[in-house]
Participant: 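Encoded as structure tokens, here's the structure I'll be asking about.
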Amino acid sequence: MVVSSESSDATPASDNVFALFEAAASAHRDRPFLISNGKPLLDYAAMLEETGRAAAWLHAIGVTPGDRVVVQAHKSPAAVILYLACLRAGAVFIPLNTAYQRSELSYFLSDAEPRLLVASAGLPGAAVAFEGARIELAETIEAAPWVDVTATIPVVQRSAADAAAILYTSGTTGRSKGAVLTHGNLSSNVIVLGQAWRWRDDDVLLHALPIFHAHGLFVALHCALLYASPILFHERFDAAAVLRDFRSATVFMGVPTFYTRLLAEPAFTRELCARMRLFVSGSAPLLDATFAEFVERAGHSILERYGMTEALMITSNPYDGPRVAGSVGPPLPGISVRIVTEDGKPAAVGQPGVLELKGPNLFTGYWRNPEKTAQDHTADGYFISGDIATRDEAGFIRIVGRAKDLIISGGYNVYPKEVEMTIDAIEGVAESAVIGVPHPDFGEGVVAVVARAAGATLAVDDITAAVTVQLAAFKRPKASIIVDELPRNAMGKVQKAELRDKYKDLFIRRSA
Ligand code: MCA
Ligand code: AMP
């Protein structure tokens with residue numbers, strides 16, 4: 001396909017976050033961009049050319065600036081190019097977890113109403129795309145339809161307030177909401193992170209996170225792009241494969257499960273990490289034991305930071321100076337964080353309260369959901385995170401609990417309400433309570449405690465069969481327990497705390 005550059009309304013790049021990446025890449029055109037198994041796949045010059053052609057393709061097929069593009073695709077160089085092309089073309093990128101099942105996907109598509117859907121062949125997205133669903137345009141990522149395009153387009157002008165991406169994140173209602181993130185959010189956060197983590201010109205990033213969440217996409221990938229750093233590209237986290245690349249890398253980012261899995265590898269040694277300068281952890285709490293064992297084995301303190309989809313990265317332990325186990329560090333520069341007690345007062349040092357924040361990192365709101373947006377903000381514009389935190393004398397923050405009913409399993413969010421709704425619809429179920437309990441690999445493991453309806457027969461297999469069809473694998477209970485009734489307090493509220501305590505050893509063997 002030949003696409004004329006006249007087809008674009010492109011003007012100078014302005015606040016488009018891609019302009020930052022373009023500037024870095026233009027200064028380092030010969031530098032490898034993506035490297036897989038020791039082989040350079042693309043250099044930064046090729047990144048610029050391919051994203052230019054892919055952006056031209058997007059415009060040629062009718063994706064105009066501001067249009068939404070939903071992508072359910074396996075992690076691959078093509079998926080990275082497509083993401084960057086969306087930025088470059090001014091389209092709004094909406095990545096979806098590859099584990100989402102068909103029924104989950106239908107909701108996202110009807111809510112997002114994308115102009116274009118791109119999916120990996122074999123994933124539910126591809127099936128839905130080609131069934132004539134209400135989507136104007138659909139493609140498989142394997143087709144990489146831009147490879148035949150000969151024209152390219154310059155970076156489309158966007159203002160800092162224009163949407164760059166929508167990331168779905170579940171709510172307490174069990175229904176996901178799209179967090180609208182702007183070019184300004186993405187730019188400000190990556191600039192702050194690059195400075196806070198002392199990104200260097202000779203850094204090499206080992207990237208093994210999925211690219212459908214903020215951690216892999218906006219934290220890891222963007223930091224490398226801002227400095228045109230080579231990326232050792234892993235399509236998924238496999239501890240043995242990651243270990244083989246440590247000698248060539250300087251920076252690694254992961255969820256706590258990555259670190260516990262690395263520590264379980266006998267081949268993981270201090271010598272292997274000799275060139276590494278930074279290990280970052282986030283998305284879920286890092287256990288003190290993991291932090292301490294890592295110091296022992298790798299000779300490095302993991303730098304823990306805290307963030308969320310709606311606000312990207314919020315706090316970080318210092319690069320220089322002590323990194324405190326169990327703390328997520330002080331707020332990043334330019335971000336205001338306050339901790340508010342139940343009676344609405346500022347929390348004293350050490351006193352727990354809900355963490356609220358404000359800054360250039362904060363999203364503009366939930367997609368087509370002004371009520372929820374208003375509900376989650378205070379009158380003075382702070383976002384109510386739903387995390388319970390404390391702050392010490394030195395300003396270091398600890399995340400000590402959650403006001404929201406949320407389970408974080410291996411870095412993925414599981415909303416109990418969504419799993420409960422699926423289980424409650426099964427014949428023979430009176431009601432269910434879905435909880436998270438300590439899990440040696442995933443941090444928290446999903447457990448369903450299910451009350452059988454009076455006189456009904458119900459087997460664990462019935463629950464497994466229903467959740468297997470309807471829910472992504474990471475949301476499915478790792479254990480289901482059938483009981484006669486759920487514990488309730490005097491107000492009739494199900495006592496999840498009691499259940500968490502009762503089943504706390506389900507996955508973990510504790511020494512007496
Ligand atoms: C896979 N499974 C899981 C999970 N991942 N179950 C629970 N929790 C999970 N996280 C399922 C698989 O589908 C499979 O199910 C079974 O567990 C075993 O799979 P396994 O091969 O062990 O899993 P894996 O493919 O190795 O994946 C584990 C993983 C992955 C590498 C830890 O979950 C992962 O990459 N997590 C990173 C998540 C992340 O990037 N989060 C950032 C969110 P079955 O046996 O039924 O087939 S962004 C965010 O939170 C904010 C902004 C922040 O602060 O960063
Ligand atoms: P998400 O909705 O996927 O963006 O997940 C954001 C949530 O992950 C936050 O609200 C926290 O509950 C949790 N989180 C992220 N980083 C950390 C961390 N370092 N320690 C504890 N919880 C974290």
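Every number for a ligand or one of its atoms is a count from 1 in the order of the listing. All figures in this text were calculated on a predicted structure; none of them were measured in a lab.
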Participant: Within ligand 2, which atoms have a heavy atom of Ile408 less than 4.0 Å away?
Facilitator: 8 (O), 12 (O), 13 (C)

Participant: According to the side chain to side chain donor-acceptor pair (under 3.5 Å) rule, which pairs have a member within residues 309-318, sequence neighbours left out?
Facilitator: Trp197-Ser316, Glu310-Tyr366

Participant: I want to check a possible cation-pi pair here: Arg391 against Phe396, using under 6.0 Å from ring centre and within 45° of the ring axis as the test.
Facilitator: no

Participant: Does Lys75 count as lying over the ring of Phe233, i.e. NZ or CZ under 6.0 Å from the six-ring centre, within 45 degrees of the axis?
Facilitator: yes

Participant: Side-chain donor-acceptor pair under 3.5 Å between Thr182 and Asn185, yes or no?
Facilitator: yes

Participant: What atoms in ligand 2 come closer than 4.0 Å to a heavy atom of Glu304?
Facilitator: 18 (C), 19 (N), 20 (N)

Participant: At less than 4.0 angstrom from any non-hydrogen atom of Thr169, what atoms of ligand 2 do you find?
Facilitator: 2 (O)

Participant: Got an N/O contact under 3.5 Å between Glu310 and ligand 2?
Facilitator: no

Participant: Considering heavy atoms of the protein only, find what lies nearest to atom 17 (C) of ligand 2 and give residue, atom and distance to 0.1 Å.
Facilitator: Ala284 N, 3.6 Å

Participant: Considering heavy atoms of the protein only, find what lies nearest to atom 3 (O) of ligand 2 and give residue, atom and distance to 0.1 Å.
Facilitator: Asn413 ND2, 3.0 Å

Participant: Within the protein, flag every N or O under 3.5 Å from an N or O of ligand 1, and note the pair and distance.
Facilitator:
| residue | atom | partner | partner atom | Å |
| --- | --- | --- | --- | --- |
| ligand 1 | 6 (N) | Lys478 | NZ | 2.8 |
| ligand 1 | 8 (N) | Ser409 | O | 3.3 |
| ligand 1 | 8 (N) | Ser409 | OG | 2.6 |
| ligand 1 | 10 (N) | Ser409 | O | 2.8 |
| ligand 1 | 17 (O) | Lys478 | NZ | 3.3 |
| ligand 1 | 22 (O) | Arg261 | NH2 | 3.0 |
| ligand 1 | 25 (O) | Arg236 | NH2 | 3.3 |
| ligand 1 | 26 (O) | Arg236 | NH2 | 3.1 |
| ligand 1 | 26 (O) | Arg261 | NH1 | 2.7 |
| ligand 1 | 36 (N) | Gly410 | O | 3.0 |
| ligand 1 | 41 (N) | Gly411 | O | 2.9 |
| ligand 1 | 54 (O) | Arg305 | NH1 | 2.7 |
| ligand 1 | 54 (O) | Gly307 | O | 3.3 |
| ligand 1 | 55 (O) | Ser283 | OG | 2.6 |
| ligand 1 | 55 (O) | Arg305 | NH1 | 3.4 |
| ligand 1 | 55 (O) | Arg305 | NH2 | 2.8 |

Participant: Please verify the inter-ring angle class for Phe294 with Phe268; under 30° counts as parallel, over 60° as perpendicular, anything in between as tilted.
Facilitator: tilted

Participant: Taking distance alone, with no angle check, do Lys404 and ligand 2 share an N/O pair under 3.5 Å?
Facilitator: yes

Participant: For ligand 2 and Ser385, I'd like to know whether there is a polar contact (N/O to N/O, distance under 3.5 Å).
Facilitator: no

Participant: Distance alone, cut at 3.5 Å: any donor-acceptor contact between the side chains of Ser283 and His215?
Facilitator: yes

Participant: For Ser432 and Asp424, which I'm curious about, is there any donor-acceptor pair between the side chains at under 3.5 Å?
Facilitator: yes

Participant: Any luck finding a side-chain donor-acceptor pair between Asn361 and Ser188 under 3.5 Å?
Facilitator: no

Participant: Phe246 and Phe252: aromatic ring centres closer than 6.0 Å?
Facilitator: yes

Participant: Select one of side chain, backbone, both or neither to describe which atoms of Thr309 lie under 4.0 Å from any atom of ligand 2, heavy atoms only.
Facilitator: both

Participant: Do ligand 2 and Arg305 have nitrogen or oxygen atoms that lie under 3.5 Å from each other?
Facilitator: yes

Participant: How does Ala214 reach ligand 2, by side chain, by backbone, by both or by neither, if only non-hydrogen atoms under 4.0 Å count?
Facilitator: neither

